[in-house]
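Right, one structure below, let's go through it.
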2 protein chains.
Amino acid sequence: MTAAEPTGDELVEMLAALANPLRLRIVATLAGGRDYVSHLAREIGVSRPLLHMHLRRLEAAGLVTGTLELSDDGKAMKYYEVTGFDLRLTAPALAEAAKTLTRPDPEQGPGSKEHS
Amino acid sequence: MTAAEPTGDELVEMLAALANPLRLRIVATLAGGRDYVSHLAREIGVSRPLLHMHLRRLEAAGLVTGTLELSDDGKAMKYYEVTGFDLRLTAPALAEAAKTLTRPDPEQGPGSKEHS
DNA sequence: CCATCCTGTAAACACTTCGTTACAGGTGTA
DNA sequence: TACACCTGTAACGAAGTGTTTACAGGATGG
């Protein structure tokens with residue numbers, strides 16, 4: 001497997017996703033086995049809408065994946081599980097990743113607010 | 001040396017410090033050698049006050065260290081350099097770190113806004 | 001039909017973060 | 001004196017983030 005190194009932008013997104021106590025706990029809990037949203041919310045002790053938002057961020061960063069499945073009694077249940085990520089954070093590694101950063105300063109889409 | 005694993009809270013702080021394009025670039029630049037604030041600001045292309053703020057965050061997270069030195073012509077110059085951090089981010093490692101999390105939900109200081 | 005379980009999303013608010021501008025001081029040199 | 005460096009910090013606005021509450025639907029079982 002040996003996942004390819006992420007780009008600078010992807011790395012920032014991953015780090016931002018993990019840089020939150022609640023999201024860190026979500027990943028930690030999922031590391032113990034897959035689970036569906038409502039149950040996971042009860043397990044951790046947060047509201048479902050809140051968990052839903054955090055899971056979206058974690059999934060966007062590629063740290064977890066969700067699959068919609070049907071239970072025996074026909075309910076639609078979304079199961080999440082952790083991906084096999086493996087990041088190494090050292091100064092040289094970060095220097096390498098920084099080479100592929102595309103947004104050093106917040107630049108928005110073209111044609112929005114050009115001055116003279 | 002083999003730095004001891006940080007606590008969950010410390011890990012979150014480190015990740016939050018690195019989860020920013022500009023700060024990532026700062027660490028990347030310092031990985032190439034120590035530098036003082038004003039020069040580093042010109043190098044990267046940001047204002048000094050802004051760089052100052054980011055350096056404080058990086059230092060608070062233990063990723064860089066700053067030392068105030070006197071140059072040959074007597075100017076006070078603050079040199080920053082990266083520390084020898086080495087973090088491994090995997091699901092099991094995060095699960096281990098999450099055990100030492102002390103702030104699952106944002107709790108602010110006491111006596112601020114108690115209701116009846 | 002009503003209750004209970006699952007999903008998703010939008011509105012509103014508090015709070016933090018990011019960035020600029022402006023100011024404070026220090027030293028050494030023309 | 002004025003200028004060119006260096007440091008630090010406070011004030012302010014813009015933008016992003018985290019959280020709650022409320023609402024939308026679909027499927028099963030009494």
Side-chain angles (χ1 to χ4, degrees), chain A residues 9 12-26 34-61 66-80 101 103-109 112-113 115, chain B residues 12-26 34-61 66-80 101 103-109 112-115:
Chain A
D9 296 343
V12 168
E13 191 175 11
M14 287 180 172
L15 295 176
L18 292 175
N20 177 289
L22 182 49
R23 283 196 293 267
L24 186 57
R25 177 158 306 184
I26 292 171
R34 63 204 297 267
D35 199 357
Y36 63 95
V37 182
S38 289
H39 183 256
L40 183 58
R42 275 179 250 121
E43 196 79 9
I44 300 183
V46 297
S47 67
R48 256 117 30 226
L50 183 56
L51 178 61
H52 183 262
M53 197 241 287
H54 286 304
L55 283 173
R56 276 191 38 165
R57 258 197 96 150
L58 287 169
E59 187 170 31
T67 58
L68 191 59
E69 303 180 9
L70 287 178
S71 68
D72 296 349
D73 48 349
K75 291 175 188 165
M77 316 180 69
K78 189 148 193 182
Y79 276 86
Y80 277 92
L101 275 178
R103 22 184 163 121
D105 30 289
E107 49 186 326
Q108 43 271 72
S112 66
K113 45 180 176 182
H115 51 70
Chain B
V12 168
E13 190 174 12
M14 287 181 172
L15 295 176
L18 292 174
N20 176 290
L22 183 49
R23 283 196 292 267
L24 186 57
R25 178 158 303 182
I26 292 171
R34 62 205 295 270
D35 200 357
Y36 64 95
V37 182
S38 289
H39 184 256
L40 183 58
R42 277 179 246 119
E43 196 78 10
I44 300 182
V46 296
S47 68
R48 248 167 308 104
L50 183 56
L51 178 60
H52 184 262
M53 195 239 291
H54 285 305
L55 283 173
R56 276 191 37 167
R57 262 198 90 147
L58 288 169
E59 188 170 30
T67 58
L68 191 59
E69 302 180 9
L70 288 179
S71 68
D72 296 350
D73 50 348
K75 290 174 188 166
M77 314 180 71
K78 189 148 193 183
Y79 277 86
Y80 277 93
L101 275 178
R103 21 184 164 123
D105 32 293
E107 47 186 330
Q108 43 269 68
S112 67
K113 43 179 176 181
E114 293 289 347
H115 52 71

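Treat the numbers as computed from the prediction; the structure is a model and nothing was measured. Computation of the quantities below employed the complete heavy-atom set of this structure, encompassing side-chain atoms and omitting hydrogens, waters and symmetry-equivalent molecules. Per chain, numbering begins at 1; letters A, B, ... match sequence-line order.
Look at CD on A:Glu69: it is 22 Å from P on D:dG26, rounded to the nearest Å. The nearest whole Å value for the distance from the CD1 atom in B:Ile26 to the P atom in C:dC18 is 10 Å. Distance, B:Met77 CE to D:dG8 P: 11 Å, rounded to whole Å. Put simply, CG on A:Leu55 is 13 Å from P on D:dG18, counting in whole angstrom units. In this entry the distance linking NZ of A:Lys75 with P of C:dC6 reads 6 Å, nearest Å. B:Leu68 places its CG atom 19 Å from the P atom of C:dG25, with the value rounded to the nearest Å. Here the C1' atom of nucleotide D:dC6 and the CG atom of B:Asp35 are 13 Å apart, to the nearest Å. Atom CE in B:Met53 sits roughly 13 Å away from atom C1' in C:dT21 (whole-Å rounding).
Within a heavy-atom distance below 4.0 Å of DNA chain C, the residues of residues 37-52 of chain B found are B:Ser47, B:Pro49, B:Leu50.
Shown here is B:Arg56, whose CZ atom has no more than 12 heavy atoms of other residues, nucleotides or ligands within 6.0 Å.
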Verdict with reasoning, A:Tyr80 to A:Glu59, per side chain to side chain contact (heavy atoms under 4.5 Å, CB included): CA-CA 9 Å; A:Tyr80 277 92; A:Glu59 187 170 31; 3.6 Å; yes
Stepwise side chain to side chain contact (heavy atoms under 4.5 Å, CB included) test for B:Val12 and A:Asn20: CA-CA 6 Å; B:Val12 168; A:Asn20 177 289; 5.8 Å; no
Stepwise side chain to side chain contact (heavy atoms under 4.5 Å, CB included) check, B:Leu51 with B:Arg48: CA-CA 5 Å; B:Leu51 178 60; B:Arg48 248 167 308 104; 5.5 Å; no
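For B:Asn20 and C:dT17, the shortest distance from a side-chain N or O to OP1 or OP2 is not below 4.0 Å. Between B:Lys78 and D:dG8 there is a side-chain N or O to OP1 or OP2 distance below 4.0 Å. Put simply, A:His54 has no side-chain N or O that comes within less than 4.0 Å of OP1 or OP2 on D:dT17. Distances shown here put a side-chain N or O of A:Arg57 below 4.0 Å from the OP1 or OP2 atom of D:dG18. Between C:dC6 and A:Tyr36, a contact under 4.0 Å exists linking OP1 or OP2 to a side-chain N or O. Within the 4.0 Å cut-off from OP1 or OP2 of C:dC18, at least one side-chain nitrogen or oxygen of B:Arg23 is found.
Shown here for B:Ile26 and B:Leu55, the closest heavy-atom pair between the two residues is CG2-CD2, 3.8 Å. Listed here is the closest heavy atom pair of A:Ala61 and A:Ala17: CB-CB, 3.8 Å.
For A:Asp73, the side-chain atoms get nearest to D:dT28 when compared with the rest of D:dC6, D:dT28, C:dC18.
Put simply, the side chain of B:Met14 does not reach to within 4.5 Å of the side chain of B:Leu18, judged on heavy atoms.
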